[in-house]
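Notes to accompany the following structure.
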Amino acid sequence: AIFVESTMAAAMSLQSARKRARLADEHLWNTRISALIKRLIDVSPEHSIPGKLSDSVDEIFSVDVPASVIDAVVQDPAAIAALRDLDIDPEDHKYLADILDPDNSRSIAVPELIDGLRRLRGDPRRSDIVTIDLMIRSIQQQVGDIQAKVTAFVNA
């Protein structure tokens with residue numbers, strides 16, 4: 001039983017180390033995010049980037065991708081493979097347009113898309129939850145302050 005436990009612990013440790021290495025691999029990140037952006041632009045009827053993406057970085061960063069394009073691309077086998085390689089939970093793939101669109105505009109700017117995908121990589125951590133809790137508390141305080149000012153203004 002001890003041998004099985006130690007073997008399982010070693011296997012889990014090795015798997016965890018491999019995942020950390022994948023998450024730190026900048027070449028993997030760069031190639032997969034480039035493939036995703038290229039696919040998004042190819043599918044988008046409103047955008048066209050001829051040639052290499054690296055020759056059009058400023059133009060790419062000004063692109064707003066409609067949620068419908070993201071919804072279509074995440075069903076593409078190449079995009080699914082890129083998202084899987086980036087350790088983005090497959091359960092999140094079909095909801096990426098909603099997850100990455102915090103203002104509910106149904107359009108996501110490429111820099112927001114890149115930042116959101118980077119944050120979605122790997123497993124959720126306790127710090128993710130604590131960060132959200134602290135942000136919500138801050139927003140609640142701000143809303144309370146605004147409410148008090150509006151009430152004072154109305155009663156004046």
Side-chain angles (χ1 to χ4, degrees), residues 15-154:
Q15 182 180 7
S16 178
R18 286 182 182 155
K19 189 171 202 168
R20 280 192 310 275
R22 268 193 329 271
L23 292 173
D25 185 343
E26 288 199 26
H27 177 71
L28 176 72
W29 166 257
N30 292 334
T31 57
R32 298 319 186 273
I33 200 69
S34 294
L36 285 169
I37 291 170
K38 177 80 171 128
R39 191 69 190 122
L40 287 165
I41 290 172
D42 288 346
V43 170
S44 178
E46 302 151 12
H47 303 98
S48 174
I49 307 286
K52 294 171 43 175
L53 293 179
S54 59
D55 294 336
S56 305
V57 172
D58 291 335
E59 186 178 348
I60 290 168
F61 270 59
S62 69
V63 168
D64 281 340
V65 182
S68 60
V69 170
I70 293 172
D71 290 339
V73 168
V74 296
Q75 296 176 24
D76 178 79
I80 292 169
L83 291 168
R84 184 189 62 239
D85 290 349
L86 291 173
D87 288 286
I88 294 175
D89 189 332
E91 295 293 319
D92 290 338
H93 293 184
K94 64 183 173 183
Y95 302 110
L96 279 180
D98 290 328
I99 294 168
L100 301 174
D101 184 17
D103 62 0
N104 213 14
S105 66
R106 304 298 297 154
S107 177
I108 298 102
V110 168
E112 291 174 346
L113 178 97
I114 292 169
D115 183 51
L117 290 174
R118 185 179 297 275
R119 291 170 186 258
L120 281 173
R121 296 184 75 199
D123 298 322
R125 296 172 298 279
R126 180 173 164 79
S127 61
D128 296 330
I129 295 167
V130 171
T131 298
I132 297 300
D133 181 54
L134 293 172
M135 283 187 214
I136 289 172
R137 289 174 190 242
S138 174
I139 291 169
Q140 285 175 325
Q141 179 65 43
Q142 292 170 7
V143 168
D145 293 345
I146 291 169
Q147 184 179 20
K149 289 177 182 176
V150 168
T151 301
F153 180 75
V154 168

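- The shortest distance between side-chain heavy atoms of Ile108 and Leu96 does not fall below 4.5 Å.
- Nearest heavy atom pair, residue Ile88 against residue Leu117, reads CD1-CD2, 3.6 Å.
- Here the rule is side chain to side chain contact (heavy atoms under 4.5 Å, CB included) with Val110, and of Asp64, Val65, Ile41 only Val65 fits it.
- The minimum heavy-atom distance between Asp89 and His93, with the atom names listed, is O-CD2, 3.2 Å.
- When all heavy atoms of Asp71 and Ala97 are compared, the closest pair comes out as OD1-CB, 3.3 Å.
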Pair Arg137-Asp133, salt bridge (Lys or Arg N to Asp or Glu O under 4.0 Å): steps then yes or no: CA-CA 6 Å; Arg137 289 174 190 242; Asp133 181 54; 3.0 Å; yes

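- Sorted by first then second residue, the side chain to side chain donor-acceptor pair (under 3.5 Å) pairs that include residues 99-113, not counting sequence neighbours, are Asp98-Arg106, Asp101-Ser105, Asp103-Ser105.
- A distance of 11.0 Å separates CZ of Arg126 from OG1 of Thr131, quoted to the nearest 0.5 Å.
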Considering only distance and modelled atom types, tabulate donor-acceptor pairs under 3.5 Å from the side chains of residues 26-38, sequence neighbours left out.
| from | atom 1 | to | atom 2 | distance (Å) |
| --- | --- | --- | --- | --- |
| Asn30 | ND2 | Glu26 | O | 3.1 |
| Thr31 | OG1 | His27 | O | 3.0 |
| Thr31 | OG1 | Leu28 | O | 3.1 |
| Arg32 | NE | Asp85 | OD2 | 2.8 |
| Arg32 | NH2 | Asp85 | OD2 | 3.2 |
| Ser34 | OG | Asn30 | O | 2.7 |
| Lys38 | NZ | Asp42 | OD1 | 3.4 |

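- Proximity of Leu113 to Ile70: side-chain heavy atoms (C-beta onward) are separated by under 4.5 Å at one or more points.
- Other residues, nucleotides and ligands contribute over 12 non-hydrogen atoms within 6.0 Å of the NZ atom of Lys19.
- Taking the side chain as every heavy atom from C-beta outward, Asp92 and Leu83 never approach each other to under 4.5 Å.
- Interatomic distance, Leu86 CG to Arg22 CZ, rounded to the nearest 0.5 Å: 10.0 Å.
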